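Worth saying up front: this structure is predicted, and the values here are computed from it rather than measured. All values below come from the heavy atoms of this structure, side chains included, with hydrogens, waters and symmetry mates left out.
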Amino acid sequence: MSLKVYNTFTGRKEKFTPIHEGSVKLYVCGVTVYDHCHIGHARSAIVFDVVYRYFTAKGYDVKFVKNFTDIDDKIIKKAQEEGISWKEVGDKYITSFYEDMEALHILKPTYEPKATEHIDDMVHLVETLLSKGNAYRIDGDVYFSVESYREYGELSKRTLEEMMAGARVEINERKRNPLDFALWKASKEGEPYWNTPFGKGRPGWHIECSVMSAKYLGNPFDIHGGGKDLIFPHHENERAQTESATGMRFVNYWIHNGFVNFEKEKMSKSLGNILLIKDFVKKYHPEVLRLFFLSNHYRSPIDYNEKSIEDNNNALNRLYYALERVADIQKKGITPQKYTEADEIERNFYEAMDDDFNTALALSSIFEISRTLNRMIDEGDESLVPFIVYAHNQLISFANILGLLEDEVNTFNVYEKQRHVNRIGLALPAIEEMVQERVEARKNRDYKKADRIRDILSEKGIILQDTPKGTEWRVKNIPSLKGEG
RNA sequence: GGCGGCAUAGCCAAGUGGAAAGGCGACGGUCUGCAAAACCGUUAUUCUCCGGUUCAAAUCCGGAUGCCGCCUCCA
């Protein structure tokens, strides 16, 4: 089974061939730590988390680097606004970032370097570019000369002429070419700085990624990823810097994820429609967001809307319910039994993932197994238990490659119920009491009363299931509750 | 102005040459006191429109319409 990935650089799906057999060196641009993460950050984190998990599942030894950009204009601005130091701003949002990533079950990368811990290396890279004639100094600033790098624009598919024609580049008389970008910026009064051969200053954007990718992965490395918006200028500039300095190829495969729109509009501060990860997880299980993202191709734009989230919430509940049903089956000491249909599902799953991480198609395998499981459980035939155990293991293993179904069933149910009762303002004991009251009514064949209780709960988005084990209640969202909480 | 992308059922969505995945919803059935859940079945003879290439096109080519992104900080 060979994996194909879409390479932004060539604009085609290509067979993935690592530099060193059996290993993958992956660098993904992390966040600039000046604010809380929103669901757009979540998409990128989830997409590359799945890339990481999938390579690992295929047996690759993956070195995965995700950086923090912890010095930058926006951080400095934030520090001034809040009256704290740039370092405190960074620390605050790094903490926030980790909370969010943990909530979303994002696996920890191998390395998570911070820009400011690599200043010496950056200075060294700037010196190299200066000595090679790719950079020039103006007062305390150092700029990269885009004309010195013949391939400039090849990644983002545009030429210098075209970019100039765009004419929306900043006017800076001092630069040799308006498209030249800062490698190093002289610090103004009150701004953070490091002492360097070019004077007191701080790094420009882009350079931290060139430095940290080289340090932890070497050049060239296999895959560089990030959001689509980073193609230009960020990744174009990283490439220009690194290739000019090393004379070597920078990256073999470029992978970029599409954007998240919010109710058909671009998320932006001015529209005030930015949904933070922290706010999402208050309302829904984090795997709902993951399922939603993975049911779309990672390169397509995706529209976040309440209806889709509710749909995926229902779908996720169904998967967990299948797990719950399996949990009720006595399977101690049972040896799992492989069967043909399971083999086929497995093949489909891997084929989908091998085709440029087609998670939407891979998910269909997961729903297939869940259906198979339910069917076998419905049969109630003891002899099927080994097959049930096999299918169950398979379901968990595929789902986990996508970072789904990672909660214990009980944890999930408790979480769902708690979230729901908070939303409707009913206490758990009150619900249990009503359920018990209905159980009594049913015993007495007072079905009128029983049905009345069921209706009351139903209006609160709670459904009752009378099973052989007794009466259980579950959360079933109803339209009138949408948007609340 | 330049570059690029998208248009598939009621909704979301995969599929880029050979019988239209999957999810949500709806409807019918099994089950049930009635339900719910689960399962079974039905729900796009057709993929925005118009031409063309081909034995064969949602998929390739040309055109039209509509939507979106990037070119400036941005995941």
Side-chain angles (χ1 to χ4, degrees), chain A residues 11 13 28-32 34-35 37-48 72-74 77 153 156-159 161-170 179 205 225-234 236 256-261 264-269 274 291-292 295-297 299-303 305 307-319 321-322 324-325 348 352 355 358-368 370-379 442 445-448 450-451 454-455 458 462-467 471-474 476 479:
Chain A
K13 276 187 209 170
V28 173
C29 288
V31 291
T32 299
Y34 71 104
D35 212 336
C37 291
H38 53 67
I39 53 173
H41 297 107
R43 184 177 193 192
S44 184
I46 287 169
V47 163
F48 289 103
D72 150 284
D73 291 353
K74 295 189 292 290
K77 186 162 165 262
S156 51
K157 309 275 179 286
R158 58 195 110 196
T159 64
E161 291 70 42
E162 283 167 357
M163 286 187 259
M164 288 305 292
R168 286 210 268 169
V169 285
E170 87 184 273
L179 294 164
W205 189 29
K228 257 195 168 80
D229 57 310
L230 295 179
I231 297 171
F232 188 88
H234 188 50
E236 191 71 69
H256 294 96
N257 66 275
F259 261 38
V260 180
N261 293 322
K264 300 260 198 295
E265 282 183 315
K266 181 174 171 166
M267 274 198 291
S268 75
K269 291 214 165 137
I274 290 173
L291 183 60
F292 170 59
S295 63
N296 287 258
H297 190 90
R299 276 186 278 118
S300 309
I302 191 168
D303 185 51
N305 62 83
K307 164 83 166 66
S308 289
I309 293 299
E310 289 290 345
D311 288 353
N312 280 285
N313 187 211
N314 290 342
L316 184 68
N317 270 278
R318 198 159 83 81
L319 292 177
Y321 188 61
E324 187 178 334
R325 297 186 74 198
N348 290 342
D355 185 12
N358 190 339
T359 52
L361 187 57
L363 279 171
S364 68
S365 296
I366 284 175
F367 286 101
E368 294 269 325
S370 131
R371 196 175 308 112
T372 309
L373 268 174
N374 280 132
R375 203 182 305 147
M376 290 192 288
I377 293 167
D378 280 351
E379 296 248 344
R442 286 186 74 225
R445 298 191 177 269
D446 184 354
Y447 293 120
K448 257 203 171 141
D451 290 352
R454 186 170 63 198
D455 289 346
S458 172
I462 288 165
I463 52 168
L464 297 178
Q465 292 179 208
D466 299 320
T467 73
T471 298
E472 294 168 348
W473 68 274
R474 309 184 61 76
K476 177 77 177 181

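- In plain terms, the two heavy atoms of Leu230(A) and Cys29(A) that are nearest each other are CD1-CB, 3.6 Å.
- Looking at heavy-atom distances under 4.0 Å, Gly227(A) makes contact with sugar-phosphate atoms alone, never a base.
- Of all heavy-atom pairs between Arg442(A) and Ala450(A), the closest is CG-CB, 3.6 Å.
- In this structure the side chain of Arg474(A) reaches within 4.5 angstrom of the side chain of Glu324(A), judged on heavy atoms.
- For the pair Ser364(A) (side chain) and Leu361(A) (backbone), a donor-acceptor distance under 3.5 Å is present.
- With P as the reference atom, A44(B) and C55(B) are 31 Å apart, rounded to whole Å.
- Between the CD atom of Glu236(A) and the P atom of G4(B) there is a distance of 15 Å, given to the nearest Å.
- No side-chain heavy atom of Tyr34(A) sits less than 4.5 Å from a side-chain heavy atom of Lys77(A).
- As rounded to whole Å, 17 Å separates atom P of C68(B) from atom CE of Met267(A).
- Nucleic acid contact class of Val47(A) (heavy atoms, under 4.0 Å, all strands): none.
- Taking 4.5 Å as the limit, every side-chain heavy atom of Trp205(A) sits out of range of all side-chain heavy atoms of Asp73(A).
- Residue contacts for Ser364(A): at a heavy-atom cut-off of 4.0 Å it reaches a base atom on one of the strands shown.
- Distance noted for atom C1' between C31(B) and A37(B): 10 Å (whole Å).
- For Lys266(A), whose side chain is taken as the heavy atoms from C-beta onward, the closest listed nucleotide among C73(B), A38(B), C70(B) is C70(B).
- Rounded to whole Å, the separation between the C1' atoms of C49(B) and C6(B) comes to 16 Å.
- Separating the C1' atom of A7(B) from that of U43(B) is a span of 23 Å, rounded to the nearest Å.
- Remark: ring of Phe367(A) does not overlap the six-membered base ring of G23(B) in a stacked fashion, as centroids less than 5.5 Å apart with planes less than 30° apart are not both met.
- Checking the phosphate oxygens (OP1, OP2) of A38(B), no side-chain nitrogen or oxygen of Arg325(A) falls inside 4.0 Å.
- Residue contacts for Leu230(A): at a heavy-atom cut-off of 4.0 Å it reaches the sugar-phosphate backbone alone, with no base atom in range.
- Phosphate proximity of G25(B) to Asn314(A): present, with a side-chain N or O under 4.0 Å from OP1 or OP2.
- Comparing the C1' positions of U59(B) and A36(B) gives an interatomic distance of 42 Å, to the nearest angstrom.
- With RNA chain B read from its 5' end, the first of the two nearest nucleotides for Val260(A) and Leu363(A) is the one closest to Leu363(A).
- Residue contacts shown for Arg375(A) are limited to sugar-phosphate atoms, with no base heavy atom under 4.0 Å away.
- Proximity of Lys228(A) to the phosphate of C74(B): no side-chain N or O atom is located under 4.0 Å from OP1 or OP2.
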task = Summarise how protein sits on nucleotides 28-36 of chain B as a single string, 5' to 3': B when a protein heavy atom is under 4.0 Å from the base, S for sugar-phosphate-only contact, - for no contact.
result = -----BBBB

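- Looking only at side-chain heavy atoms (C-beta outward), Arg325(A) and Asp378(A) come within less than 4.5 Å of each other.
- A distance-only check finds no donor-acceptor pair linking the side chain of Asn313(A) to the backbone of Ile309(A) [under 3.5 Å].
- For the P atoms, the distance linking U8(B) with C50(B) amounts to 16 Å, nearest Å.
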task = Dot-bracket for RNA chain B, please, read 5' to 3', with Watson-Crick or G-U wobble pairs under 3.5 Å on both distances, ( ) within the strand, [ ] crossing, | other strand, . unpaired.
result = ((((((((.[[[..)..(...]]]((((((.......))))))....[[[[[..)....]]]]])))))))....

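- Counting only heavy atoms from C-beta outward, the side chains of Glu368(A) and Asn348(A) never approach each other to under 4.5 Å.
- Met267(A) and Gly40(A) get closest at one heavy-atom pair: CE-N, 3.7 Å.
- In this structure, CD of Glu162(A) is placed 11 Å from C1' of G4(B), rounded to the nearest angstrom.
- In this structure the side chain of Asn296(A) never reaches within 4.5 angstrom of the side chain of Asp303(A), judged on heavy atoms.
- For the C1' atom pair drawn from A13(B) and A21(B), the interatomic distance equals 10 Å after rounding to whole Å.
- Salt bridge annotation for Lys13(A)-Asp355(A): present, with a cationic side-chain nitrogen under 4.0 angstrom from a carboxylate oxygen.
- Regarding Met163(A), its CE atom lies at a distance of 16 Å from the C1' atom of G1(B), rounded to whole Å.
- Between Lys77(A) atom NZ and C73(B) atom C1' the separation is 10 Å, expressed in whole Å.
- A pairwise comparison of heavy atoms in Lys228(A) and Phe259(A) identifies N-CE1, 4.4 Å as the closest pair.
- Atom CG in Asn317(A) sits about 10 Å away from atom P in A38(B), given to the nearest Å.
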Every protein N/O within reach of nucleotides 8-15 of chain B N/O, cut-off under 3.5 Å:
from   : atom 1 : to        : atom 2 : distance (Å)
A13(B) : O2'    : Ser295(A) : O      : 3.3
A14(B) : OP1    : His297(A) : N      : 2.9
A14(B) : O3'    : Asn358(A) : ND2    : 3.2
A14(B) : O2'    : Asn358(A) : ND2    : 3.3
G15(B) : OP1    : Asn358(A) : ND2    : 3.2

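- One interatomic measurement links the two molecules: CD of Glu368(A) to P of C39(B), which rounds to 11 Å at whole-angstrom precision.
- Distance, Leu179(A) CG to G2(B) C1': 13 Å, rounded to whole Å.
- In this model, the phosphate group of C24(B) is approached by a side-chain N or O of Arg318(A) to a distance below 4.0 Å at OP1 or OP2.
- The same atom, C1', is picked in G41(B) and in G5(B); the two are 39 Å apart, to the nearest Å.
- No side-chain heavy atom of Leu179(A) sits under 4.5 Å from any side-chain heavy atom of Glu236(A).
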